[in-house]
Enquirer: 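Sharing a structure below in structure tokens format, with a few things to ask.
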Amino acid sequence: AQKITQTQPGMFVQEKEAVTLDCTYDTSDPSYGLFWYKQPSSGEMIFLIYQGSYDQQNATEGRYSLNFQKARKSANLVISASQLGDSAMYFCAMREWGRDDKIIFGKGTRLHILP
Amino acid sequence: NAGVTQTPKFQVLKTGQSMTLQCAQDMNHEYMSWYRQDPGMGLRLIHYSVGAGITDQGEVPNGYNVSRSTTEDFPLRLLSAAPSQTSVYFCASSYAGTAEAEKLFFGSGTQLSVL
């Protein structure tokens, strides 16, 4: 069954440090995609990064990278050189291309960046 | 470009009342979906659609109805509101089953309170 797990309800990190947010998933579909979204206190959902199951390299977008370990079924988000503006809720999500195409989300991790 | 337009932004209902949350997108997306966000629960999929005339249930469909008569619109109906339906609701859309379907576009959300 399609499942996304984020085990860190909250994290506190010092400004300028790197951050890793954990995400594990479960699927029997060989064709799938993994997403990360940021939700600041304003409530909007901001797309950060995407990784396809057949992509050979880890996805990167500026300070964001996705550490994709297929055998372990993990898709951790890495934020380099964290900034105060990174304080937000972060959601991992998965889409199964070969099945019904629906997209499900994890419960999220609230990240606090300390000055 | 309007993107995903969701109305209303705020709504207060009494138990037993009915209402429809509106969602429209102007990007010709095949895939549209509704999520509810509750503290500690992340985003949970209510219903989704992969095209006009096609709808399917998500993780928490009970108490909600949807229809997809056009590509652009995907309204969510609460037939008899209950306090348990107090939540923030998000509509989201994307392309379906293509390489362009790497991003889910979100509406700005509806804060619904059922008294």
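Throughout, a chain's letter reflects where its sequence line sits, starting with A, and its residues are numbered from 1.
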Enquirer: Might you confirm whether atom NZ of A:Lys107 has over 12 heavy atoms from other residues, nucleotides or ligands at distances under 6.0 Å?
Expert: no
Enquirer: Excluding sequence neighbours, so at least two apart, what forms side chain to side chain donor-acceptor pair (under 3.5 Å) with B:Thr20?
Expert: none
Enquirer: Please classify the contact between B:Gln111 and chain A as side chain, backbone, both or neither, with a heavy-atom cut-off of under 4.5 Å.
Expert: neither
Enquirer: Given that the side chain runs from C-beta out, which part of B:Leu43 has a heavy atom under 4.5 Å from chain A: side chain, backbone, both or neither?
Expert: both
Enquirer: Do you reckon A:Val78 sits in the same ILVMFWY cluster as A:Leu66, going by side-chain contacts under 4.5 Å, direct or chained?
Expert: no
Enquirer: Between A:Ile103 and B:Tyr48, is the side-chain contact (heavy atoms from CB on, under 4.5 Å) condition met? List the steps.
Expert: CA-CA 9 Å; A:Ile103 303 169; B:Tyr48 65 103; over 6 Å; no
Enquirer: Within a reach of under 6.0 Å around NZ of A:Lys70, are more than 12 heavy atoms found that belong to other residues, nucleotides or ligands?
Expert: yes
Enquirer: Examine B:Leu45 and B:Ile54 and state if one hydrophobic cluster contains both, with Ile, Leu, Val, Met, Phe, Trp and Tyr joined whenever side-chain heavy atoms are less than 4.5 Å apart.
Expert: yes
Enquirer: Can B:Leu104 and A:Phe105 be said to form a side-chain contact (heavy atoms from CB on, under 4.5 Å), step by step?
Expert: CA-CA 12 Å; B:Leu104 193 60; A:Phe105 283 75; 4.0 Å; yes
Enquirer: How many angstroms lie between CD in B:Gln37 and CE in A:Met89, if you round to the nearest 0.5 Å?
Expert: 7.0 Å
Enquirer: Of the listed residues (A:Ile46, A:Ile49, A:Ile104), which shares the most heavy-atom pairs with chain B below a 4.5 Å separation?
Expert: A:Ile104
Enquirer: Do the side chains of B:Leu21 and B:Phe10 join up, straight or via other hydrophobic residues, at under 4.5 Å, putting them in one cluster?
Expert: no
Enquirer: Within this structure, what is the OG-CZ distance for the pair B:Ser94 and A:Phe47, rounded to the nearest 0.5 Å?
Expert: 11.0 Å
Enquirer: So if you build clusters from Ile, Leu, Val, Met, Phe, Trp, Tyr with side-chain heavy-atom gaps below 4.5 Å, do A:Phe68 and A:Leu48 land together?
Expert: yes
Enquirer: Does the ring center of A:Tyr37 lie less than 6.0 Å from the ring center of B:Phe106?
Expert: yes
Enquirer: Can you tell which of A:Gln51, A:Glu44, A:Gln39, A:Gln6 has the highest number of heavy-atom pairs within less than 4.5 Å of chain B?
Expert: A:Gln39
Enquirer: Assigning hydrophobic clusters by single linkage (Ile, Leu, Val, Met, Phe, Trp, Tyr; side-chain heavy-atom cutoff under 4.5 Å), is A:Leu111 placed with A:Tyr64?
Expert: yes
Enquirer: I need the B:Glu30 CD to A:Asp101 CG distance, nearest 0.5 Å.
Expert: 9.0 Å
Enquirer: Is a side-chain donor or acceptor of B:Tyr31 paired with a backbone partner of A:Lys102 at a separation under 3.5 angstrom?
Expert: no
Enquirer: Is there side-chain contact between B:Lys103 and A:Tyr50, with at least one heavy-atom pair below 4.5 Å?
Expert: no
